Visitor: 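This is the structure I want to talk about, given as structure tokens.
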Amino acid sequence: MSHSDSSAAAPAPAIPDRPGLEGLEDRWDAIWEDRGTYRFDRTKSRSDVFSIDTPPPTVSGSLHVGHVFSYTHTDTIARYQRMAGREVFYPMGWDDNGLPTERRVQNYFGVRCEPSLPHDPNFTAPDDAGDPKAIKKRGDIDISRRNFIELCHVLTAEDEKAFEALFRRLGLSVDWTQHYATIDERCQRASQRAFLRNLARGEAYQVEAPSLWDVTHRTAVAQAELEDRERPGAYHRLAFHLPDGVAGTDGSGNLHIATTRPELLAACVALVAHPDDERYQPLFGSTVTTPVFGVEVPVKAHELADPEKGTGVAMICTFGDTTDVTWWRELDLDVRAILNRAGRVNPEPPPGIETEAGLAAYARLAGKTVFSAQAEMVEILRETGELVGEPEPISHPVKFFEKGDKPLEIVTSRQWYIRNGGRDSELRAALIARGDEMQWHPSYMQTRYTNWIDGLNGDWLISRQRFFGVPLPLWYPLDDDGEPDHNQPIVPAEADLPIDPSSDTAPGYDEAQRGQPGGFAGDTDVMDTWATSSLTPQIACGWEEDEDLYGRTYPMDLRPQAHDIIRTWLFSTAVRSHFEADTAPWGHCALSGWILDPDRKKMSKSKGNVVTPVDLLDQHGSDAVRYWAANGRPGTDTAFDDGQMKIGRRLAIKVLNASRFTLGFGANGDTPLAIDPATITHPLDRAMLLKLADLVDEATRALDGFDYARALERTETWFWTFTDDHVELVKTRAYEGDETGAESARHALRLALSTLLRLFAPFLPFVTEEVWSWWRGGSIHRQSWPSADELRAAADRGDYVDPATADVAADALAEIRRHKTTEKRSLATPVISCTLTDTPDRLALLRPALGDVAAAARATSIDLAEGDSLSTNVALEPAEPGPVGDQAPVD
RNA sequence: GGGCGCGUAGCUCAGAUGGCUAGAGCACCUCCCUUACAAGGAGGGGGUCGGGGGUUCAAGUCCCUCCGCGCCCA
């Protein structure tokens, strides 16, 4: 669509006398919804489509300023691509699957999920929901998983309504008919289907292995969910006993080791030192006896043992940390586990503890938490005299579940994994190579992706021992003793998905056989929330459900997201697409930064510095808030700054006023305001259009590279110069010039305005739409992006015009204005005479525009003189005599 | 300890392949009610571009090093 054909449908202009910003958001949101302005046209072929893998925000409370920030970035790209001729597929998802929702539902309704309970079809939500006092009084009610999930839907539906309202208010050009929720049936089906396919192809597997365990949430935790926290601890020196006749480190037959976890002594299966450590080389291959428990354990060599730490010998326990797991696996050691999933010491001693003293000591630890067990163990060691010296306090990093508040333990359990290259260098290389198929914005973000994959040391753990999530779609046959055979999982048919194995019957069985010997049992675990989130492209595009849509949208064009979840969301999505479609999931990923508060600290609720988005939009207006957001460069953390929002608001108001003024010239009230390039004959008007063409080139280049901030900044700068210089220069001619000159000015102004409005449209969708509606037909957001070539053609009258004409004219006007300001006179002061000196080249450029400069300067004429540089000699009309009080008394 | 990013006016930030006296907005000062806009306009002051080396005719821009900050990881 070009600027001339859009005028065909142009209405008679309706320009308000006092345009304002108030109420634009609600009005235009309703009209856009009504007209389906952002509705995806699914007749378009893949090459004409631009599809966006929108991040589904977590529905567990409210949106914050960071959402406003990053979703605006994506929206500017969406709007640009739409105007640039692509049909934009811009769905929205809600992430209501997972722990945060589960916790809220438990607290809000006062219920607990008990997966063993049957579904109750008549269950209704407790009527005291939301009343903490009443709930506390009655206590939590146990309900089935299906009933629990129903409650999750009830609660999240409310949040999702509020989220949508906010995003609409913000002006996101989302197609609201395209939406999903990560716990809805479609997502569950996709998630289970993808898992079953991973299983069938051997990409998913289960194993009984040590895994990181959060004792509070009672669930296994994946590597991506870990974080280190610095915690105080203490090195305890323990005396291990050497075989008879071997002198130890203290010369008395003992070998000292230092450990921060003496409570795990009973779980000790070996000692380890570095192979090159000369102090311990004689001991490698021999055995020592543990203090207190008297268990004989081997002394091993391994390069992960650090000669600098403690005594250089470490105690290997099953399991104290991830290094223990590595040692255990690589050195082929026994298992002597003592901790259970509640984080307490098992009641029964592990194999190997047989001495009376050892059993007695163990009995003192049994049932204790890790914390109390440590205190007790230290006490026992003191009693036996096997604690050497006093514990030495240190501070060291300890692994935590990112949502947990107790250190992680490592327990052995049966878990499901999906291969991710953590244990397979070929797959790792393939996934790293997928990164090259995507364009990264900013490009250095790819390094984080590559480094993360390089640093993986295990596959992706996807099973979680939680309730609200997508269940693993599996059952297991029970043998004659009622024990499950995990090696023979029973899978559902894809057509039956989604299923819940805790309430759906395994194929080939009768429900009465559930839990019976010879019958079946459902897997009680759910999948990691990322196991569903990693499928957002498949879910949004209708994988296996809407092949027509899928063919037009997948693989997607853009994944916008925050940089801190490259290792989780971005990577896991790449894994899924690699396996399922043998492709990268998107052509581009755009990583946004974070919002920092004005102190440059990351904004967080706990600090009480969160500003609610609704207040912000109310106070400044959506365009103003978007302006601030769009100033945050891709990938860069940005300080919260309501000063920027005020500037954005001022810009929006200026757009209204400048448009009203510009469109006022030659308007007679019922003739559409035409743009006819043939009437644009004046050199200054043509020069302005040539410069505008350069701006269009620059903005287009920036937006093609996802640099919305640069596009906005250049457009804004150009716009202010346009209003301050060009409009001032030509307004007299546009008002009262001869017909040719006036029409040239008016048509050029309209063409410039039409162009500028479209350049601003991705950033300020409301005010630009408002102005567009005054004089043009249709929505600005469905107009074509401005074309630099068309502008250059519009400025072309067959002869050459130097775009610098516009600069020289603006400089000349500025020089005269400077003179008036210096003289402390109004800019309206008439100029009686003016001689302007400049270089011959510049004077030649200025001559065609001299009439406009003189008019804008309020000079009847301007004399020109050649010189070395720009200067003026100006005589102003004498000032009026001041008020009487300012005069010297006449006497 | 490693990787990535950052450190430019009081504040928030621009400064692509190194090149004219280092820019913008806010804040500050002066002036102007000029009939699109006073939520405006015209001007002005203010920076040894984190420190130190180096490459170059020329460095905020490239290289080295140090210091400080952030994120991710160990």
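Below, chain A is the first sequence line, B the second, and so on; all start at residue 1. All values derive from a computational prediction rather than experimental measurement.
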Visitor: In terms of side-chain heavy atoms of A:R567, which of B:rA36, B:rC72, B:rG40 is nearest?
Guide: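 Of B:rA36, B:rC72, B:rG40, B:rC72 is nearest to the side chain of A:R567.
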
Visitor: Is the distance from the ring center of A:F69 to that of A:W628 below 6.0 Å?
Guide: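 Centroid distance A:F69-A:W628: below 6.0 Å, so yes.
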
Visitor: Protein-nucleotides 29-35 of chain B N/O pairs closer than 3.5 Å?
Guide:
unit_1, atom_1, unit_2, atom_2, d
B:rC32, O2', A:S826, OG, 3.4

Visitor: Produce the list of close N/O pairs, under 3.5 Å, pairing protein atoms with atoms of nucleotides 3-5 of chain B; give distances to one decimal.
Guide:
unit_1, atom_1, unit_2, atom_2, d
B:rG3, O2', A:N451, ND2, 2.4

Visitor: If you check the A:W452 side chain, which of B:rA39, B:rG44, B:rC73 turns out closest?
Guide: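 Closest nucleotide among those given: B:rC73.
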
Visitor: Determine the Euclidean distance between corresponding P atoms of B:rA59 and B:rG51; express it in Å to zero decimal places.
Guide: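 Those two atoms are separated by 15 Å.
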
Visitor: Below 4.0 angstrom, N of the basic side chain to O of the carboxylate: do A:E815 and A:R818 qualify?
Guide: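 Looking at A:E815 and A:R818, the cut-off is met.
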
Visitor: Whom does B:rG5 pair with, Watson-Crick or G-U wobble, provided both distances fall under 3.5 Å?
Guide: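 By the stated definition (distances under 3.5 Å), B:rC69 pairs with B:rG5.
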
Visitor: Using the P atom on both, measure B:rG5 against B:rG44 and round to a whole Å.
Guide: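 After rounding to an integer number of Å, I get 39 Å for this pair.
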
Visitor: Does A:T662 reach a base, just sugar-phosphate, or nothing at all? Heavy atoms under 4.0 Å.
Guide: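 Nothing: the residue A:T662, judged by heavy atoms under 4.0 Å, touches no strand.
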
Visitor: Using atom P in both nucleotides, what's the gap between B:rC62 and B:rG10 to the nearest angstrom?
Guide: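 Straight-line distance between the two P atoms is 24 Å.
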
Visitor: Can a cation-pi geometry be assigned to A:R750 and A:W775, taking NZ or CZ under 6.0 Å from the six-membered ring centre and within 45° of the ring axis?
Guide: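 No, A:R750 does not lie over the aromatic ring of A:W775.
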
Visitor: B:rU61 pairs with which nucleotide, Watson-Crick or G-U wobble, both distances below 3.5 Å?
Guide: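 Looking at the geometry, B:rU61 pairs with no nucleotide.
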
Visitor: Of the nucleotides B:rA36, B:rG44, B:rG41, which one has an atom closest to the side chain of A:R818?
Guide: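 Ranking B:rA36, B:rG44, B:rG41 by closest atom to the A:R818 side chain puts B:rG44 first.
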
Visitor: Compare all side-chain heavy atoms of A:L827 with those of A:R858 and state whether any distance is below 4.5 angstrom.
Guide: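 A:L827 does not reach A:R858 side chain to side chain.
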
Visitor: Going by atom type alone, with no hydrogens or angles, which donor-acceptor pairs under 3.5 Å involve a side-chain atom of residues 656-666 of chain A and a protein atom two or more places apart or on another chain?
Guide:
unit_1, atom_1, unit_2, atom_2, d
A:N657, ND2, A:I653, O, 3.4
A:S659, OG, A:V655, O, 2.6
A:R660, NE, A:D17, O, 3.2
A:R660, NH1, A:D17, O, 3.4
A:T662, OG1, A:A658, O, 2.7

Visitor: Considering Watson-Crick and G-U wobble pairs with both distances under 3.5 Å, what does B:rU21 pair with?
Guide: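 Checking every strand shown, B:rU21 finds no partner, since no pair has both distances under 3.5 Å.
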
Visitor: Using a 4.0 Å heavy-atom cut-off, does A:W628 contact any base of the nucleic acid, only the sugar-phosphate backbone, or nothing at all?
Guide: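 If one applies the 4.0 Å heavy-atom cut-off, A:W628 turns out to touch nothing in the nucleic acid.
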
Visitor: Determine the contact category for A:I653: base if any of its heavy atoms lies under 4.0 Å from a base atom, sugar-phosphate if only primed atoms, P, OP1 or OP2 are that close, otherwise nothing.
Guide: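 Since a base atom lies under 4.0 Å of A:I653, the category is base.
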
Visitor: Given side chains that start at C-beta, do those of A:W440 and A:L570 come closer than 4.5 Å, heavy atoms only?
Guide: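 A side-chain contact under 4.5 Å exists here.
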
Visitor: Of the options B:rA39, B:rC72, B:rA42, whose atoms approach the side-chain atoms of A:W594 most closely?
Guide: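 That would be B:rC72.
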
Visitor: Nearest to the side chain of A:K654, which nucleotide is it out of B:rA42, B:rC73, B:rG40?
Guide: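 The answer is B:rG40, which lies nearest to the side chain.
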
Visitor: Between B:rA39, B:rA42, B:rA36, which one does the side chain of A:R649 approach most closely?
Guide: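 Closest of the options to the side chain of A:R649: B:rA39.
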
Visitor: Kindly point out which of B:rG41, B:rA14, B:rA39 is positioned nearest to the side chain of A:R633?
Guide: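 Nucleotide nearest to A:R633's side chain: B:rA14.
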
Visitor: Within the structure shown, what part of the strands sits under 4.0 Å from A:Q644 by heavy-atom distance: base, sugar-phosphate, or nothing?
Guide: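 Contact class for A:Q644: none.
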
Visitor: May I ask you to say what A:A814 touches in the nucleic acid, namely base, sugar-phosphate or nothing, with a heavy-atom cut-off under 4.0 Å?
Guide: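 If one applies the 4.0 Å heavy-atom cut-off, A:A814 turns out to touch the sugar-phosphate alone, with no base involved.
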
